[in-house]
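Residue numbers begin at 1 in each chain, while the letters A, B, ... track the order of the sequences.
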Amino acid sequence: MRRGWLGLALLLVAAGCAQTVRVAPPTHDEEVVLLPGSDGKTGALVVTHAGQQQTLDSAYATARVKDPGEIARSQSDATAVREAFAPALSAQPPRPVTFVLYFLGDSDNFTPESTVELQKIFPEIANHPAPEIVVVGHTDRVGTIVYNDALSLRRAERVRNDLVQLGIQRDRITIAGRGEREPIVATEDEVVEPRNRRVEITVR
Amino acid sequence: MHSRTLVVVAFAVVVLALTGTAPSGAAVVDVGQIKVSKGTVHIERAKQRVPVTVGTVVQEGDVLITGADGSAGITFKDDSLLSVGPDSVLAIDRFAFDSTTHAGAFETSLRQGTMAAVSGKIAKASPDAMRVRTPATILGVRGTEFVVRSSRVAP
């Protein structure tokens, strides 16, 4: 008998809880829209709410959470997104840009093409507010690891010096040398590979 | 505690010696920079109000706050871009990034307002490493571009 009363009491409590959840008014109105990537590829977002999951994986796929416990799916478009998110979108910083410059063998002298390419970096830097420039030097696998570490750093230093000559503030430039560890083209040791003799310059 | 610190320092020295990749002039706590700032914008950092201009450094734990006329954009060290519109509150909860392996973790909370996002190297390297929380949802970012809004509903 006692057990019966307890059961009834629990049932009432449970019913009360369920009731509370059902009638809870919305406290937030949230919306997320997946946009097409600038490279033409659209990524994906996993939206989790109240133990439920929805994956957005096509351009302008939208999830809205207003009524607690429910993720509502819909489809937006470029115009609607531009209207609803104009200030946030127009405050988007310029995209980081990466340049690759190539060097002559065992030296910190650019190839003729890269000497020309270097000139294109300056306007890109000017296009970035408070620009940060990261210069990472690399080598091919001719020479020892220790030698190539030093050579890759020398290449990065060379680029920094040239950028400073062009008028870029020195303290905006970070440099590093990674030696022969990160080849673009994998080779056996002691193989000449001009495509690996490079610096990668990221402007962000 | 002391000896533990020593071990950590010694380990760091060994790692740098082995890889030879010590970037010059990198500060420890910088996770990004303000690149765009319009109208009323400030950062709340350790209960202090930090004024924001283009070039202001963003740190883990910062909360970016915009007024009714404000908007702001941050570029992070992994090339992620986050920008907010007016009346927005964005907390940078966690940002860890290894510039060599691109491994890391990036967690933010949009407490209110609007945000546009472009994910960077952290999300590209590990699809579950970038998360955006809002009061009602968690967004797992598998890349790359999206917008999100959270508004409070008047009772």
Side-chain angles (χ1 to χ4, degrees), chain A residues 25-39 41-50 55-57 63 65-66 68 71 81 84-96 128-130 132 134 136 146 149-150 152-153 171 173-179 181-182 202 204, chain B residues 19-26 33-38 53-56 66 70-77 79 81-86 88 99-100 112-116 118-120 123 127-128 132 134-153 155:
Chain A
T27 56
H28 288 88
D29 180 1
E30 301 190 345
E31 184 181 33
V32 53
V33 185
L34 184 68
L35 304 180
S38 58
D39 58 356
K41 284 182 234 156
T42 301
L45 278 174
V46 180
V47 183
T48 306
H49 166 71
T55 302
L56 307 181
D57 57 9
V65 173
K66 190 175 176 191
I71 304 174
V81 167
F85 294 92
L89 286 168
S90 68
Q92 209 160 53
R95 315 263 159 158
H128 279 66
E132 299 159 82
V134 181
V136 181
V146 174
D149 280 350
S152 65
L153 192 61
D171 61 8
I173 307 170
T174 304
I175 65 166
R178 297 224 210 284
R181 285 175 197 78
E182 291 174 21
T202 302
R204 70 168 172 245
Chain B
T19 59
T21 55
S24 67
Q33 263 190 30
I34 299 281
K35 300 293 186 183
V36 179
S37 176
K38 296 173 201 161
T53 54
V54 171
T56 298
T66 56
S71 62
I74 306 169
T75 301
F76 289 86
K77 294 277 182 193
D79 294 349
L81 311 175
L82 296 185
S83 55
V84 292
S88 299
S99 63
T100 305
Q112 65 172 63
T114 52
M115 178 169 86
V118 181
S119 65
D128 292 316
V132 178
T134 65
T137 63
I138 300 171
L139 308 176
V141 182
R142 308 242 159 114
T144 47
E145 305 198 20
F146 60 97
V147 287
V148 52
R149 166 180 69 82
S150 177
S151 340
R152 218 175 276 278
V153 174

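Listed for the S83(B) side chain is a donor-acceptor partner under 3.5 Å among the backbone atoms of A88(A). Of the possible donor and acceptor atoms, one in the side chain of E145(B) sits under 3.5 Å from a partner among the backbone N and O of S38(A).
Between S150(B) and E30(A), the shortest heavy-atom contact is OG-OE2, 2.8 Å. The two atoms that bring G143(B) and L34(A) nearest to each other are O-CD1, 4.0 Å, heavy atoms only. Minimum heavy-atom separation, R204(A) to K77(B): NH1-O, 3.1 Å. Considering all non-hydrogen atoms of both residues, H49(A) and A136(B) come closest at ND1-O, 2.8 Å. Smallest separation of non-hydrogen atoms from T75(B) and P93(A): OG1-CB, 3.2 Å. Residue I34(B) comes nearest to A130(A) through the heavy atom pair O-CB, 4.5 Å, listed as atom of the first residue, atom of the second, then distance.
Contact tally against chain B (heavy-atom pairs below 4.5 Å) for G43(A), S90(A), P36(A), A91(A): the top residue is A91(A). The greatest number of non-hydrogen atom pairs below 4.5 Å with chain A, out of R149(B), Q112(B), Q33(B), R142(B), is found for R149(B). Between chain A and the residues D128(B), D79(B), L82(B), T144(B), the largest count of heavy-atom pairs under 4.5 Å involves D79(B). Contacts with chain B were tallied for T202(A), T48(A), V136(A); T48(A) has the most, counting heavy-atom pairs under 4.5 Å. Of all the listed residues (V148(B), V147(B), V153(B), T137(B)), the one sharing the greatest number of non-hydrogen pairs under 4.5 Å with chain A is V147(B). The candidate from S88(B), A116(B), P86(B), G120(B) with the greatest count of non-hydrogen atom pairs under 4.5 Å with chain A is A116(B).
Interface remark: P129(A) contributes backbone and side-chain atoms alike to the contact with chain B (heavy atom separation under 4.5 Å). With a 4.5 angstrom heavy-atom cutoff, S152(A) does not touch chain B via any of its atoms. Residue V47(A) touches chain B through both its backbone and its side chain, counting heavy-atom pairs closer than 4.5 Å. Contact annotation for V84(B): only backbone heavy atoms (N, CA, C, O) come within less than 4.5 Å of a heavy atom of chain A. Residue E182(A) touches chain B through its side chain alone, counting heavy-atom pairs closer than 4.5 Å. V65(A) touches chain B through its side chain: at least one heavy atom from C-beta onward sits under 4.5 Å away, while N, CA, C and O do not. Of the atoms belonging to T42(A), not a single heavy atom falls under 4.5 Å from chain B.
Put simply, the side chain of H28(A) does not reach to within 4.5 Å of the side chain of T134(B), judged on heavy atoms.
Under the rule for a salt bridge (Lys or Arg N to Asp or Glu O under 4.0 Å), R152(B) has no partner lying at least two apart in sequence or in another chain.
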